[in-house]
**Student:** 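The structure is given below, and queries will be raised subsequently.
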Amino acid sequence: MSDLIRPRLPRIISVANQKGGVGKTTTAINLGAALAEGGYNVLLVDLDPQGNASTGLGVEPEDRKYTTYDLLLEGAELGDVLKTTAVEGLLLAPATTDLSSADIEMMATEKRSFLLHDALRQPAIDNYDLDFILIDCPPSLSLLTVNAMVASDSVLIPLQSEFFALEGLSQLMLTVREVRQTANPELRIEGVVLTMYDVRNNLSQQVEMDARGTLGDLVFRTIVPRNVRVSEAPSYSMPVISYDPMSKGSIAYRALAQEMVDRLKETAS
Ligand code: ADP
Ligand code: MG
């Protein structure tokens with residue numbers, strides 16, 4: 001299934017938005033799980049000191065001996081950091097609160113913006129035969145997020161279907177442009193995905209119209225609805241895809257994965 005992408009390096013995608021609570025972690029986990037379900041090999045890099053992606057995938061703090069902090073700042077080997085998860089085909093580079101001091105420590109290094117870029121290009125990365133690497137970014141435009149963008153082929157932006165959703169997007173786009181101009185000219189926008197969409201709420205529809213009007217085809221056709229099963233799943237340490245495979249949230253994340261892969265195949269051909 002993945003033959004169109006496999007011969008290349010894994011596609012590295014930052015899931016970013018400096019606002020908290022917009023669905024970054026939920027999207028990283030469930031897009032990752034949906035891609036894995038589709039037969040792709042996926043690595044999720046938890047780059048948020050809160051470690052929500054790690055917890056949501058059932059990797060407990062005591063099992064996070066080596067983390068993304070070690071990958072960035074201690075020269076740790078991928079083999080020591082990457083953990084398997086309950087989802088076949090989905091690996092995790094876990095995070096702990098250690099990562100909260102990373103920004104300051106990275107600042108003191110010469111390759112400050114390239115630490116994740118270099119870590120993900122260790123020759124050992126080939127051992128995993130990865131198709132996708134998803135990076136779950138913290139809710140800021142800090143050096144951690146810049147590291148993610150420098151390391152990435154593209155940025156996927158979850159947009160909460162709520163008032164003010166589009167505010168702050170210009171700031172995010174500005175950061176993308178800066179990274180393009182300095183460290184990573186090839187950085188693309190993978191797309192914008194509307195999350196927590198409520199069909200009964202006029203506001204959701206208004207945000208969708210605004211987003212499509214402003215951003216056009218950058219906005220994925222697939223919309224992730226607000227769905228209680230999605231918010232329950234992390235407390236069972238599972239993606240919603242595993243927790244309730246036929247829930248509206250699961251169906252949406254599978255459709256998002258398919259839409260993204262289709263788009264990538266289109267641009268590759
Ligand atoms: P972020 O990583 O951007 O801070 P999260 O993915 O952690 O955002 O989502 C914030 C909260 O919203 C979490 O409690 C999450 O479970 C919930 N949530 C995310 N997406 C949905 C959805 N589609 N339906 C219902 N709840 C959601
Ligand atoms: Mg998060």
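Predicted model, so just to flag it, every value in this text is computed and none were measured. Counting starts at 1 for both ligands and their atoms, following the listed order.
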**Student:** Would you say Gln160 and Thr195 are linked by a side-chain donor-acceptor pair, where the criterion is simply a distance under 3.5 Å?
**Tutor:**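 Result is no, nothing qualifies.
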**Student:** Taking everything shown except Tyr128 itself, do over 12 heavy atoms lie less than 6.0 Å from its OH?
**Tutor:**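 Atom OH in Tyr128 is crowded, with more than 12 foreign heavy atoms closer than 6.0 Å.
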**Student:** Between Glu266 and Arg263, does any NZ, NE, NH1 or NH2 come within less than 4.0 Å of an OD or OE carboxylate oxygen?
**Tutor:**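 Not counted as a salt bridge, because no side-chain N and carboxylate O are separated by less than 4.0 Å.
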**Student:** Does the distance from a Lys or Arg side-chain N to an Asp or Glu carboxylate O, for Lys111 and Asp118, drop under 4.0 Å?
**Tutor:**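 Salt bridge between Lys111 and Asp118, a charged N being under 4.0 Å from a carboxylate O: yes.
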**Student:** Consider only side-chain N and O atoms of Tyr69 and Glu105, and report whether a donor and an acceptor are under 3.5 Å apart.
**Tutor:**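 There is such a pair (donor and acceptor under 3.5 Å, judged by atom type) between the side chains of Tyr69 and Glu105.
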**Student:** Say you draw a straight line from CG of Leu169 to CG of Asn17; how long is it, rounded to the nearest 0.5 Å?
**Tutor:**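 Between Leu169 CG and Asn17 CG, I get 7.0 Å after rounding to 0.5 Å.
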**Student:** Identify all N/O pairs between ligand 1 and the protein with a separation under 3.5 Å and present them as a table of atom names and distances.
**Tutor:**
from, atom 1, to, atom 2, distance (Å)
ligand 1, 2 (O), Thr25, N, 2.9
ligand 1, 2 (O), Thr25, OG1, 2.9
ligand 1, 3 (O), Gly21, N, 3.4
ligand 1, 3 (O), Val22, N, 3.1
ligand 1, 3 (O), Gly23, N, 3.1
ligand 1, 3 (O), Lys24, N, 3.0
ligand 1, 3 (O), Lys24, NZ, 2.9
ligand 1, 4 (O), Gly21, N, 2.7
ligand 1, 6 (O), Thr25, N, 3.4
ligand 1, 6 (O), Thr26, N, 2.8
ligand 1, 6 (O), Thr26, OG1, 2.6
ligand 1, 8 (O), Gly23, N, 3.0
ligand 1, 23 (N), Pro225, O, 2.8
ligand 1, 24 (N), Asn227, N, 2.9
ligand 1, 24 (N), Asn227, O, 3.3

**Student:** Can you tell me how the ring of Tyr236 sits relative to the ring of Tyr243, calling it parallel under 30°, perpendicular over 60° and tilted otherwise?
**Tutor:**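 Because their plane-to-plane angle is under 30°, the rings of Tyr236 and Tyr243 count as parallel.
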**Student:** Hey, does Ser161 have a side-chain heavy atom less than 4.5 Å from the side chain of Met196?
**Tutor:**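 SC-SC contact between Met196 and Ser161 ruled out.
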**Student:** Give me the number of protein N, O or S atoms whose distance to the Mg ion (ligand 2) is under 2.8 Å.
**Tutor:**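 There are 1 of them.
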**Student:** Work out which heavy atom in Gly51 is nearest to a heavy atom in Asp46; give both atom names and the distance.
**Tutor:**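 Looking at all heavy atoms of both residues, the shortest contact is CA-OD2, 3.1 Å.
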